[in-house]
Amino acid sequence: MVKKIAVMTSGGDSPGMNSAIRAILRRGLDKGMEVFGIHEGFEGLVEGGKMIEPLDWHQGGGILHLGGTFLGTARSERFFKKEGRTNAALNLFKTGINALVVIGGDGSLTGALVLYNEWHELLEQLASEGRLTKEEIKNTPTLQVIGLPGSIDNDLYGTNMSIGTDTALRNIVVATDMLSSTAASHQRTFVVETMGRHCGYLALMTAMASGATWVLIPEKDMGIRWHQKMLQTLEQARHAGQRHQLVIIAEGARHTDCLPIKSSTIKDIISQKLQTDVRLTVPGHIQRGGSPSPFDRLLAIRLGVAAIDEIAVSKTNSIPKMAGLIANKIVFTPLEEVISKGEAIRNELENGNYKKALELRGSSFGNVLTLFKLMASPVVKKGKKIKGRIAILTGGPDAPGMNTAVGIATRLAIKLGYEVVGFKNGFNGILDSDFVPLDWMAVDGWINKPGSELGAARYKLIDPHNFDKIVLNLEKHKISALLCIGGVNAFQKACKLYKAFQKTETPDIPICCIPASIDNNLPLTDFSIGSDTALSNIVEAIDKIRDTAGSTNRAFLIEVMGAGCGFLALMSGLASGAEKAYLPEDGITIKELGDEVQKVIDGFKSGKRLVIQIVNENASTHYNTDFIRRVMEEEGKGQFEIKQSILGHFQRGGIPTPFDRIQACRMAAAGIQQLNLEIEINRAHATSVGLHGHEIAITPLQKIIELLDNGACTQSNWFLSLKDHAETLSKYSAILKTN
Ligand code: ATP
């Protein structure tokens, strides 16, 4: 039976919903399904008629970069009533739709579950009213229902991230960055209120990513004297020399007794008690707006594709589920559980059981809160014995987020009782004894600084014998542990250093490496610091190139970095709707190039005005971007124009995204904690930090080096499974029709 599916967006809109609709539409068509779009959520479903329309391949075009949802969304009072839901069932039945995908928040998913539960009852009702016949409804299977989490608040159970959350966070952090620069000039305190009635995700991550001094979220028990503690911390920060402070409050923040805390109250308390200039900013709906971030587009694509694949294989009596992303993998959770567990968290909050609510949010949420609390105040207990001296360096080419990592590592090390120094220009700094002391204020404002303040020289070669000198210099400067933040090159040097220690009489010191590379080419970590910013830079550039689609037929070849790893090429291609991505993992054949030219010609014939192909800088040794251009020009025979664009260092630049900052904070903190542990137990292992799924993990450095030497890392990379998504969603409609 040909499945007829319908997709709708419901409740509050969230950026990335369009990407989800496009993925559902195109994957559905590719699987031979008929796909309908329901306008204005449940309201359109109740209304029927033109509100439920069949969608074609082209309607998925040109929408990836648009915020909101092209189907429209609404809150529907009519659907709350049985009468409305009876109409909705009739409209679905008459159109022959047998599967429904609802993208929205917990309210929308509850609505979808109610419709599923009542399906047969509603049909019976329609038959009893004479609007359908008994014969018609006989043997009608249950409506298949799949939910996708669409909510900027990130308050849904069953997924680590909801569609729209990352963009909302980005929007808020852009605002706090701007406030920080103006606040610093005037010695001001800014109070910023974020969305999140029942969930502190946006507020907490904003606080972490913007270096705020205090945060108020629904899940944190404030205690009875919380405002005194807040004022004390703000004063401590000022006395330490910080020129401005940020206080972030979630709209759902509450006192211990559950009464809401208003952001205006915070402002009044601070200005009255500290006699300081305080301003309140409420970004409001700005948080929902704008073009979706690459993360949200990719999340929406992954979930949308998974929804269709699930419908395609599901039995007609399968229970309704929500597709979510847990530990970087697609996981389906029964809708009933999503809703009941979500309700359980809200109940815990309403009853003041904050500890339980926090526990239910998951360990990484709690860990970020613990880290934030530790970092908020600059005060270190007086008379504490110095435990040693930790050195930090950034090595290899710079990556956005390196400064964030150095800043957090420095502050945490100070808190744990260490002196901190930063070596300049990577390992060369150790060789040249070129270092700077790092204290709390030395790294103030590094949370969002682009590049690397310490310098990250790669090309200055270090003679292998010099590692012996590096060992001696580390001893000379009384370094007790080394934190090395960088890419492949830095990891390899750290390993050489570790081996050099083994050869000498000098006592070993623990070394810990943190992955920071825009290429995302290190093994055993899903993401390296900087890769999300680079991806955002590339996608922003491609979006702009798309804007130039005029009347002429143009094909763009866009070369991106990535070294031997196709992460940037594939993910930017997928997030920007490119027609092709050439990856180093696959290489390029001459036959493939010939086929591609034909596809481009057919694409233009079928009405395309612009074709975008992404080329990884190392996709092939000989068939480089310029060669591909010349093949296209020769074989295209003037039927289209070809433009070549090498994005180069543009990809490395700019302030780090919130995602990169948060991962930098988490990984740098884990690195320092690991070094502290090694020192405390008098051990000197070389380790590395990685992000596995959603958890931070520590691996022996030697294992990473072995994987690098075997070239095994890139082939097993998680993102390569998304090649199939890219191929399906970017199919030229002309080719699809002939399939
Ligand atoms: P947001 O997170 O932005 O608030 P949401 O999906 O939770 O999004 P709601 O306004 O709560 O938004 O719900 C959207 C729509 O879902 C409602 O207007 C209503 O039509 C339907 N809905 C919500 N709860 C129910 C319910 N218990 N029974 C039937 N329909 C419901």
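Indexing begins at 1, ligand by ligand and atom by atom, following the structure's order. Predicted model only: the values in this text are computed from it and were never measured.
- Sorted by chain then number, the residues whose non-hydrogen atoms approach ligand 1 to under 4.0 Å are Ser10, Gly11, Gly12, Phe42, Arg75, Ser76, Phe79, Phe80, Gly105, Asp106, Gly107, Ser108, Thr110, Gly111, Val114, Arg197, Arg288.
- More than 12 heavy atoms of other residues, nucleotides or ligands sit less than 6.0 Å from atom CD of Glu118.
- Closest of all the heavy-atom pairs between Ala209 and Val173 is CB-CG2, 4.2 Å.
- When all heavy atoms of Ile163 and Gly16 are compared, the pair lying nearest together is CG2-C, 3.5 Å.
- Applying the side chain to side chain donor-acceptor pair (under 3.5 Å) test to Glu135 and every residue at least two apart in sequence or in another chain returns nothing.
- With a 6.0 Å radius and a threshold of 12 heavy atoms from other residues, nucleotides or ligands, Glu83 has its CD atom at or below the threshold.
- Side-chain atoms of Asp30 never come within 3.5 Å of backbone atoms of Thr728 as a donor-acceptor pair (strictly under, hydrogens ignored).
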